[in-house]
Amino acid sequence: MFHVEIRQFPNVTRSFNLSEGELNAKILVPWSRRENFELGEREWEPARAKLTVLEGRELRSDEIGLGRGWANVNRYAENVTERVLALARAQAKPGGVASGEASAFKDVVRAQCASDRLAVHQVLWLANSRHPEWRVSERLALAESAVWELLHEGRLIMLRRVSGDSGPEYPPADRPEWQPALLSWATWSDSAEPRWFVVAPD
């Protein structure tokens, strides 16, 4: 679930328990196009407002009441503002990632990881091979969003390469490690000694 805060001095609005589709339709699509939109009975201007998007579990109604919702969600949710905006902007461009292609690419990645672990940078290689005509930023956005969404859907597990007594070991990465790993350019460019891998669950 996604939770959103929009600030445009002196006003603030928050919306909780949004699905990915609701987040895109209500906020990210107009935001990426720099178009004004309505939320919380007020019109917002992307050029003047600040957007924060958090991802985490669904809040119960008693956790939202009396203005406690944002404090509660900040205790555990991940700030995914930059990631979701980057993907929305890529989709808004001509030749951007259509939803059908994004879904099909996720299936390709999942299938590749079913038999053996895949270094995260190799997911970008898959995007390169499928769409050599796309801009590099669009291929990277496709690869990054596929890994991120598959991890959150429980269809992939991220592994961290560490040194062991008898060679490299690959324990599961903790959830808080996902975002820093996927936001690091080294993850996508280091083919010599990759640190991060993905594999399908048993």
Side-chain angles (χ1 to χ4, degrees), residues 1-93 96-97 99 102-103 106 120 137 140-158 160 172-185 187-188 196 198 201:
M1 282 292 177
F2 295 93
H3 313 282
V4 174
E5 178 187 78
I6 301 176
R7 291 181 173 271
Q8 184 176 321
F9 184 81
N11 303 304
V12 179
T13 193
R14 293 168 179 137
S15 187
F16 301 96
N17 298 337
L18 298 176
S19 68
E20 185 175 0
E22 290 172 327
L23 175 69
N24 284 324
K26 292 181 178 181
I27 301 169
L28 295 183
V29 169
W31 192 281
S32 63
R33 295 173 178 170
R34 311 300 280 178
E35 298 173 353
N36 292 0
F37 62 96
E38 290 187 4
L39 187 71
E41 301 181 352
R42 184 177 297 277
E43 184 173 273
W44 303 91
E45 302 175 51
R48 297 178 54 204
K50 178 183 178 182
L51 172 66
T52 303
V53 182
L54 305 179
E55 184 178 14
R57 67 168 175 83
E58 182 177 0
L59 286 183
R60 303 185 308 271
S61 57
D62 63 289
E63 294 178 296
I64 298 174
L66 302 176
R68 295 175 299 180
W70 198 247
N72 283 330
V73 79
N74 266 286
R75 293 174 182 167
Y76 67 86
E78 296 178 70
N79 188 323
V80 296
T81 309
E82 291 302 319
R83 179 183 66 82
V84 297
L85 279 177
L87 181 58
R89 288 170 184 142
Q91 292 174 341
K93 296 176 183 177
V97 184
S99 60
S103 178
K106 284 165 62 177
V120 171
S137 60
L140 181 57
L142 177 64
E144 181 186 354
S145 64
V147 173
W148 182 265
E149 291 174 17
L150 287 166
L151 287 170
H152 281 77
E153 292 166 5
R155 298 171 62 196
L156 284 185
I157 298 171
M158 179 175 276
R160 182 191 338 104
D174 295 329
R175 187 185 179 102
E177 295 180 282
W178 297 353
Q179 185 172 5
L182 295 181
L183 291 179
S184 171
W185 175 241
T187 300
W188 301 99
W196 304 102
V198 284

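This is a predicted model, so every value here is computed, not measured.
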Determine whether His152 and Glu78 satisfy the following criterion, side chain to side chain contact (heavy atoms under 4.5 Å, CB included), listing intermediate values before the conclusion.
CA-CA 12 Å; His152 281 77; Glu78 296 178 70; 3.6 Å; yes
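- Enclosure of atom CZ in Arg42 is not indicated, since only 12 or fewer non-hydrogen atoms of other residues, nucleotides or ligands lie within 6.0 angstrom.
- Remark: Ser145 OG to Leu150 CG distance equals 9.0 Å, nearest 0.5 Å.
- In this structure, the side chains of Phe37 and Val29 stay at 4.5 Å or more apart for every pair of heavy atoms.
- Judged purely by atom type and a 3.5 angstrom limit, Asn79 uses its side chain to pair as donor or acceptor with the backbone of Thr81.
- Between Trp188 and Glu144 there is a side-chain heavy-atom pair separated by less than 4.5 Å.
- Atom-to-atom distance recorded for Arg155:CZ and Glu149:CD is 10.0 Å, nearest 0.5 angstrom.
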Under the criterion side chain to side chain contact (heavy atoms under 4.5 Å, CB included), I'd like the reasoning laid out for Val53 against Trp31: C-alpha separation, chi angles, the key distance, then a yes or no.
CA-CA 12 Å; Val53 182; Trp31 192 281; over 6 Å; no
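- Ring pair Trp178/Trp148 is perpendicular by interplanar angle, where above 60° counts as perpendicular and below 30° as parallel.
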Could you walk me through whether Glu177 and Met158 pass the side chain to side chain contact (heavy atoms under 4.5 Å, CB included) test, one step at a time?
CA-CA 9 Å; Glu177 295 180 282; Met158 179 175 276; 5.5 Å; no
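- Scanning both residues, Pro201 and Gly154, for their nearest heavy atoms gives CG-O, 3.4 Å.
- A heavy-atom distance below 4.5 Å is not found between the side chains of Arg14 and Val73.
- When every heavy atom of Ile157 is checked against every heavy atom of Pro172, the shortest pair comes out as CG2-CB, 4.3 Å.
- Nearest heavy-atom pair, Pro46 versus Asn36, reported as atom, atom and distance to 0.1 Å: CD-OD1, 3.9 Å.
- Atom OG1 of Thr13 and atom CD1 of Ile6 lie 6.5 Å apart (nearest 0.5 Å).
- A distance of 3.5 Å separates NZ of Lys106 from CD of Glu153, quoted to the nearest 0.5 Å.
- Within 6.0 Å of OH in Tyr76 there are more than 12 heavy atoms belonging to other residues, nucleotides or ligands.
- Within the model, atoms OG1 of Thr52 and CG of Asn74 stand 8.5 Å from one another, a figure rounded to the nearest 0.5 Å.
- Contact detail for Trp196 and Ala173: the closest heavy-atom pair is CZ3-CB, 3.8 Å.
- Side chains of Asn17 and His3 form a contact here, defined as non-hydrogen atoms less than 4.5 Å apart.
- Taking the charged nitrogens against the carboxylate oxygens, Glu63 and Arg57 do have a contact shorter than 4.0 Å, which makes a salt bridge.
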What verdict does the side chain to side chain contact (heavy atoms under 4.5 Å, CB included) test give for Gln8 and Glu43, after you've listed the backbone C-alpha separation in whole Å, the side-chain angles of each residue and the deciding distance to 0.1 Å?
CA-CA 10 Å; Gln8 184 176 321; Glu43 184 173 273; over 6 Å; no
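- Interatomic distance, Lys26 NZ to Asn24 CG, rounded to the nearest 0.5 Å: 12.0 Å.
- When side chains are defined from C-beta on, Asn72 does not count as touching Phe16, because their heavy atoms never get closer than 4.5 Å.
- Side-chain atoms of Trp44 and Ile27, non-hydrogen and from C-beta on, never get closer than 4.5 Å to each other.
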